[in-house]
Amino acid sequence: MPAVTATAPGKVILFGEHAVVYGRPAIAVPVNQVRARAVINAEPTAESGVIAIYAPDIDLFSDLDQLPLEHPIRLAVDLVASSIGVKRLPACSIKISSTIPLSAGMGSSAAVSIALIRAFSGFLGQPLPDEQISEVAYKVEKIQHVTPSGIDNTVITYAEPVYYQRGRSIERLKINAPITLVIADSGLTSPTAETVADVRRGWEQDFEGYEDLFDRIGEISIKARAMIESGNIRLMGLLMDKNHELLQKLGVSSRKLNMLVETARENGAMGAKLSGGGQGGNIIALVPEGSTTFVSDALKKAGAERVIMTRVYTI
Ligand code: PMV
């Protein structure tokens, strides 16, 4: 039996992180330059039920049943098996790898789950449809984040730009004029669960103030959607700047993220903001098509650890 392989892209949030956890809309796009991959091989000589996990990027070499029940890899495999209704799993080995930076706001954990769920259900002969893949990935995310909004599993499963609001059916976003982004990694890792918990504490202490900030961020997402759909890229840049300012007020930016955002703007970006959970991770800068190298070089000089350029459009 040939190996079964599936991949899933990284993502960035263009607008609305954090506020999306509190029911406001957000916009996210896939980043295809970085991907998670799961490769599954049948192991006919091994005893049935034995599943070997090999994830060299995180130094994990283990049999599945040696992992804690709530380990995201084990959970993903178990949830796929129960959705399909398979009790005795065939012996196999699962290799997981990813080029998506960890804890950097690019959806690495959701992408690993989604590649694994897609590959494993295919390996069992019953590939799950996107909707179910996204649902299973959401359950796995919940164990890690407690209150994920669901935007990561949605944009990564569908691998298309999405306008997302909790509890509503997903809306794919039409991007008429291509959006060119430079994504710069601050090199500071920051688990999303921590910044989400910080924001929750702030919200509990100052309910009205935080609700107002979430409303203002949500309004930006609504406006940005119209700008993106009409191809008004320059105004979209201004909205990114505004969104960054509100994220600063939420307390999720940091000196390094602010400095990278400033550097991008000073070097020709039409707008820039942090993306994802914040504190560390990435900033995104909206740049004119011909200026990607210039802005990237400036960001690297200013201390970005790694820069990814991506062009987002829909066909
Ligand atoms: O840091 P990431 O890529 O996991 O993005 C988190 C986005 C938040 O809005 C902060 C959390 C969420 O669940 O939507």
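Both ligands and their constituent atoms are indexed starting at 1 by order of listing.
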Undergrad: Checking a contact table here: which protein heavy atom is nearest atom 6 (C) of ligand 1, and how many Å away?
TA: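 Checked against all protein heavy atoms, atom 6 (C) of ligand 1 sits closest to Thr192 CG2, 3.5 Å.
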Undergrad: Determine whether Val112 and Tyr138 fall in the same hydrophobic cluster, where Ile, Leu, Val, Met, Phe, Trp and Tyr are linked whenever their side-chain heavy atoms lie under 4.5 Å apart.
TA: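 Shared cluster, no.
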Undergrad: Is there a donor-acceptor pair closer than 3.5 Å between any side-chain N or O of Arg24 and the backbone N or O of Tyr22?
TA: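 Present.
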Undergrad: Can you tell me which residue and heavy atom of the protein come closest to atom 12 (C) of ligand 1, and the distance to 0.1 Å?
TA: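 Checking every protein heavy atom, the shortest distance to atom 12 (C) of ligand 1 gives Ser149 OG, 3.4 Å.
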Undergrad: Taking heavy atoms and a distance under 4.0 Å, where does Ile13 meet ligand 1: side chain, backbone, both or neither?
TA: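 Contact part for Ile13 vs ligand 1: side chain (C-beta onward).
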Undergrad: Among side-chain atoms of Arg35 and Thr7, is any donor-acceptor pair under 3.5 angstrom?
TA: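 Distance-only check passes for Arg35 and Thr7.
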Undergrad: Looking only at protein heavy atoms, which one is nearest to atom 11 (C) of ligand 1, and how far off is it?
TA: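 For atom 11 (C) of ligand 1, the nearest protein heavy atom is Val21 CG2, 3.7 Å.
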Undergrad: For ligand 1, which atoms sit closer than 4.0 Å to a heavy atom of Ile151?
TA: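 Selected atoms, number and element: 14 (O).
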Undergrad: Which residue holds the protein heavy atom closest to atom 3 (O) of ligand 1, what is that atom called, and what is the gap in Å?
TA: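 In this structure, atom 3 (O) of ligand 1 has Lys11 NZ, 2.4 Å as its nearest protein heavy atom.
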Undergrad: Does a side chain donor of either Asp57 or Ser98 reach within less than 3.5 Å of an acceptor in the other side chain?
TA: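 Result is no, nothing qualifies.
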Undergrad: Same cluster or not: Phe120 versus Ile143, using hydrophobic residues (I, L, V, M, F, W, Y) connected whenever any side-chain heavy atoms lie under 4.5 Å apart?
TA: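 Cluster IDs for Phe120 and Ile143 match.
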Undergrad: Does Tyr164 use its side chain to pair, donor to acceptor, with the backbone of Ser149 at less than 3.5 Å?
TA: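 Indeed, once roles are kept as given, a pair shorter than 3.5 Å links the two residues.
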Undergrad: Return yes or no for this condition: an N or O of Gly277 is under 3.5 Å from an N or O of ligand 1.
TA: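 Checking ligand 1 against Gly277, an N or O pair does fall under 3.5 Å apart.
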Undergrad: Please identify which atoms of ligand 1 are closer than 4.0 Å to at least one heavy atom of Gly107.
TA: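 That gives atoms 3 (O) of ligand 1.
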Undergrad: Measuring from atom 10 (C) of ligand 1, which candidate in Arg24, Glu141, His18, Lys142 has the nearest non-hydrogen atom?
TA: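 That would be His18.
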Undergrad: I'd like to know if the side chain of Ser121 and the backbone of Leu128 have a donor-acceptor N/O pair within less than 3.5 Å.
TA: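 The answer is yes, because a donor-acceptor pair under 3.5 Å joins these two groups.
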Undergrad: Against heavy atoms of Gly276, which atoms of ligand 1 measure under 4.0 Å?
TA: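 Every atom of ligand 1 under 4.0 Å from some heavy atom of Gly276: 1 (O), 5 (O).
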Undergrad: Which is it for Met106 and ligand 1 at heavy atoms under 4.0 Å: side chain, backbone, both or neither?
TA: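 Backbone only; the side chain of Met106 stays clear of ligand 1.
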Undergrad: Of Ile170, Asp152, Ile114, which meets side chain to side chain contact (heavy atoms under 4.5 Å, CB included) against Thr157?
TA: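 Answer after filtering Ile170, Asp152, Ile114: Ile114.
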Undergrad: Within a distance under 4.0 Å of any heavy atom of Val20, pick out the atoms of ligand 1 and give their elements.
TA: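 The atoms of ligand 1 under 4.0 Å from a heavy atom of Val20 are 9 (O), 14 (O).
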Undergrad: Can you list the ligand 1 atoms lying under 4.0 Å from a non-hydrogen atom of Glu17?
TA: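 Selected atoms, number and element: 9 (O).
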Undergrad: Tell me whether Leu69 is reachable from Leu116 by hopping between hydrophobic residues (I, L, V, M, F, W, Y) whose side-chain heavy atoms are closer than 4.5 Å.
TA: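 Unlinked, Leu116 and Leu69 end up in two clusters.
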